[in-house]
Each structure stands twice: as structure tokens, then as C-alpha cells.
Amino acid sequence: DPNKLQVMASFYTMYDFAQKIGGEHVQVTCMVPSGTEPHDWEPSTKDITRMEQSDVFIYNGAGMEHWVSDVLAGLSNKKLISVEASQGVSLLRSAEEEDGHDHETAHADEDGHDHADEEDAAVSNAAAHEDDAADHTVVAAPDGHDAHEHGEYDPHVWLDPMNAKQEMQNICEAFSKADPEHRADYQANYEKWAKQLDELDKTYQTTLENLSERNIVVAHEAYGYLCRRYNLTQVSIEGM
């Protein structure tokens with residue numbers, strides 16, 4: 001539809017968030033097919049061709065889509081706005097990277113203490129995106145992280161409702177930049193879903209606060225952000 005913003009979303013969660021924020025003004029294509037494992041998927045030539053014809057590309061980042069940097073570097077669509085939805089989220093290191101140490105985040109603690117590796121990540125991020133920025137507009141939070149460090153961080157950020165809200169905000173900003181005429185609608189949609197996420201967060205808090213057992217059994221190690229927020233410990237059947 002030539003009257004709608006053409007959006008490519010890497011996998012279903014990004015597709016869902018894009019639909020919620022864009023509403024009637026966007027036409028969203030989910031790149032990873034239903035039932036396909038997004039961690040291992042790679043785009044086909046057809047997918048890349050559709051990206052060349054799109055206005056906005058949305059991906060989660062934090063190492064979820066290992067193919068992003070190479071694909072973006074090879075595109076000739078200079079007007080494509082790409083947004084790493086997880087920008088601004090305090091990332092958890094994957095269990096494989098912790099090596100037995102109790103280091104949860106790669107960014108500043110909530111009390112304001114900065115880790116040395118935060119500065120390293122910022123420098124790495126700037127260098128990694130330098131070439132892309134010359135050809136593509138990247139919408140991201142200023143305290144962004146490096147999406148190209150495969151496996152270093154847990155990419156399942158959206159399972160914390162507050163992180164999901166951050167991702168929707170980044171998507172809202174991207175749509176507003178690509179389509180300023182409908183900025184008010186994108187903002188209204190964001191505020192609607194942000195309110196629901198706040199309510200979901202309160203439900204989690206009140207439901208889980210009095211549990212005597214804080215361990216939860218999960219299919220694979222994807223619930224680190226949810227556990228961090230609600231003081232739970234995941235016991236996974238499979239790894240990350």
C-alpha cells in the first residue's frame with residue numbers, strides 16, 4: 001500500500017510491537033516465518049530486496065539478529081530508517097559469558113555506579129555503526145549498546161514489561177521520524193500500550209511479592225530480565 005509506511009520487522013515480537021505503535025498507518029512484514037527459530041534464521045535474497053523497498057527496519061538487537069550489521073552495510077537504500085529496539089535497555093550478560101561471576105549488567109547500576117565495560121561498549125558501538133550511519137539513519141537511544149557482540153548478552157529483553165515499553169518508545173520515535181504527519185497517532189498508540197505495560201508490571205509485582213519459593217522452571221534460559229525485575233531465579237531445561 002503506497003499510502004502506508006512500509007516496515008520490515010526482524011521477528012514476531014518486533015512485528016507485534018510495530019503493529020501496536022503504527023496502527024493503521026503502517027504495513028508491517030515479519031521477516032522470520034512463523035514456527036522458525038529466530039536465533040538461527042538468516043535473511044534470503046528476497047528478504048533483502050524487500051528491505052531495499054522499505055521505509056523502516058526494526059530489529060531487537062543485543063545479539064538476537066546476528067546478521068543485521070552485514071545486511072545493513074550492503075543495502076543501497078540510503079533512506080531506510082533502522083531502529084535497534086533494545087537501545088537504552090540495561091543488558092544482562094549471558095550465563096556463558098559470566099563464567100561463574102555474579103555480573104548482571106553491562107551498563108550502569110540503578111544506583112548510578114558505572115562499570116568500566118560500559119565505556120568500552122559505548123566506544124565499540126560507535127565504531128561498529130560508523131559505516132552504517134553514513135548510509136542509513138539509525139534511530140536509537142544515546143546510551144546504546146553494541147548489537148554485534150554475539151552471545152555476550154541475553155537478547156530476550158522484552159520479557160520485562162518495562163523493557164518492552166522502552167522498545168515501543170524507540171519504535172515510536174522511528175515511525176515519527178519516518179512519517180512526521182502521523183506523529184501524534186504514533187505517540188497516542190505508544191501511550192496506550194505503555195499504560196497497559198505499567199498495569200502488567202503492577203500485576204506481576206503484587207502477584208509475586210509474597211511467594212516463598214523464588215525459583216521458576218523454564219524451557220530455555222530466556223527469562224533473565226523478568227527474573228531480575230521480580231526477584232526470581234530461572235532454572236532452565238536448556239541453555240540460552
Side-chain angles (χ1 to χ4, degrees), residues 9-21 38-39 58-65 83-98 102-113 115 117-118 121 139-147 149 151-174 189-211 213-240:
S10 59
F11 63 100
Y12 179 78
T13 305
M14 298 299 100
Y15 169 86
D16 181 53
F17 289 179
Q19 289 279 30
K20 284 177 166 61
I21 302 303
H39 291 277
I58 300 169
Y59 65 105
N60 181 75
M64 186 73 173
E65 304 93 340
V83 53
E84 182 179 9
S86 62
Q87 288 281 358
V89 172
S90 179
L91 296 181
L92 285 170
R93 291 194 180 277
S94 66
E96 292 83 352
E97 290 293 327
E98 288 181 2
D102 189 23
H103 299 301
E104 282 196 333
T105 66
H107 297 284
D109 287 336
E110 291 182 0
D111 63 2
H113 175 70
H115 297 288
D117 57 350
E118 179 182 9
V139 178
D143 57 341
H145 48 73
D146 189 358
E149 297 175 358
E152 184 173 353
Y153 303 116
D154 180 350
H156 308 90
V157 300
W158 64 89
L159 295 179
D160 176 344
M162 296 300 95
N163 290 348
K165 190 163 82 167
Q166 177 66 60
E167 294 204 306
M168 287 189 184
Q169 181 179 0
N170 290 338
I171 292 170
C172 178
E173 292 173 3
N189 289 339
Y190 165 73
E191 291 173 0
K192 168 189 172 183
W193 290 103
K195 180 180 179 181
Q196 292 199 30
L197 286 166
D198 287 337
E199 293 173 353
L200 177 61
D201 179 56
K202 290 179 181 178
T203 300
Y204 268 122
Q205 296 279 10
T206 56
T207 303
L208 301 175
E209 63 182 353
N210 294 321
L211 292 180
E213 175 58 67
R214 312 304 298 183
N215 292 330
I216 63 172
V217 177
V218 298
H220 75 287
E221 191 179 331
Y223 296 85
Y225 295 94
L226 184 143
C227 289
R228 177 175 67 179
R229 182 158 188 83
Y230 305 114
N231 190 28
L232 301 170
T233 299
Q234 61 178 332
V235 180
S236 61
I237 297 173
E238 295 182 335
M240 184 71 67

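Numbering of residues begins at 1 and proceeds along the displayed sequence.
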Q: Check Ala62 against Ser86 and note the closest heavy-atom contact, atom names and distance.
A: N-OG, 3.7 Å

Q: Considering only heavy atoms from C-beta outward, does the side chain of Met162 approach that of Asp201 to under 4.5 Å?
A: yes

Q: Output the distance between atom CG (Leu92) and atom CD (Glu221), rounded to the nearest 0.5 Å.
A: 10.0 Å

Q: Supply the atom-to-atom distance Leu197 CG to Tyr204 OH, rounded to the nearest 0.5 angstrom.
A: 10.5 Å

Q: For Gln169 and Gln166, what are the C-alpha separation, side-chain angles and deciding distance, and is it a side chain to side chain contact (heavy atoms under 4.5 Å, CB included)?
A: CA-CA 5 Å; Gln169 181 179 0; Gln166 177 66 60; 4.0 Å; yes

Q: Distance from Leu226 atom CG to Leu208 atom CG, nearest 0.5 Å?
A: 7.5 Å

Q: If we only count heavy atoms from C-beta on, is the His156 to His220 side-chain gap below 4.5 Å?
A: yes

Q: Of all the heavy-atom pairs spanning Ile237 and Ala219, show the shortest one and how long it is.
A: CB-O, 3.4 Å

Q: Mind listing the closest non-hydrogen atom pair of Ile21 and Cys172 along with its distance?
A: CG2-CA, 3.7 Å

Q: Apply the test side chain to side chain contact (heavy atoms under 4.5 Å, CB included) to residues Asn170 and Glu84: give CA-CA distance (whole Å), side-chain angles for both, the deciding distance (0.1 Å), then the verdict.
A: CA-CA 8 Å; Asn170 290 338; Glu84 182 179 9; over 6 Å; no

Q: Could you tell me if the side chain of Lys20 sits less than 4.5 Å from the side chain of Asn189, heavy atoms only?
A: no

Q: Find the distance between CE (Met168) and CE (Met14) and round it off to the nearest 0.5 Å.
A: 9.0 Å

Q: Within the distance-only criterion (no hydrogens, no angle test), does the side chain of Asn163 pair as donor or acceptor with the backbone N or O of Val89 below 3.5 angstrom?
A: no

Q: Report the residue from Phe11, Tyr12, Tyr225 that forms a ring-ring contact (aromatic ring centres under 6.0 Å, His included) with Trp158.
A: Phe11

Q: With a 4.0 Å cut-off, would you call Lys202 and Asp198 a salt bridge?
A: no

Q: Grab the two heavy atoms, one from Asp154 and one from Gly224, that are nearest each other, plus how far apart they are.
A: OD2-N, 3.8 Å

Q: Does atom OH of Tyr230 have more than 12 heavy-atom neighbours, drawn from other residues, nucleotides or ligands, at distances under 6.0 Å?
A: yes

Q: Using 0.5 Å steps for rounding, measure from the CD atom of Gln234 to the CZ atom of Arg228.
A: 12.0 Å

Q: Any chance you could measure Ile58, atom CD1, to Thr13, atom OG1, to the nearest 0.5 Å?
A: 12.0 Å

Q: Could you walk me through whether Tyr190 and Lys165 pass the side chain to side chain contact (heavy atoms under 4.5 Å, CB included) test, one step at a time?
A: CA-CA 8 Å; Tyr190 165 73; Lys165 190 163 82 167; 3.4 Å; yes

Q: Any side-chain heavy atom of Gln205 within less than 4.5 Å of one from Arg229?
A: yes

Q: Search all heavy atoms of Thr206 against all heavy atoms of Thr203 and return the closest pair with its distance.
A: OG1-O, 3.2 Å

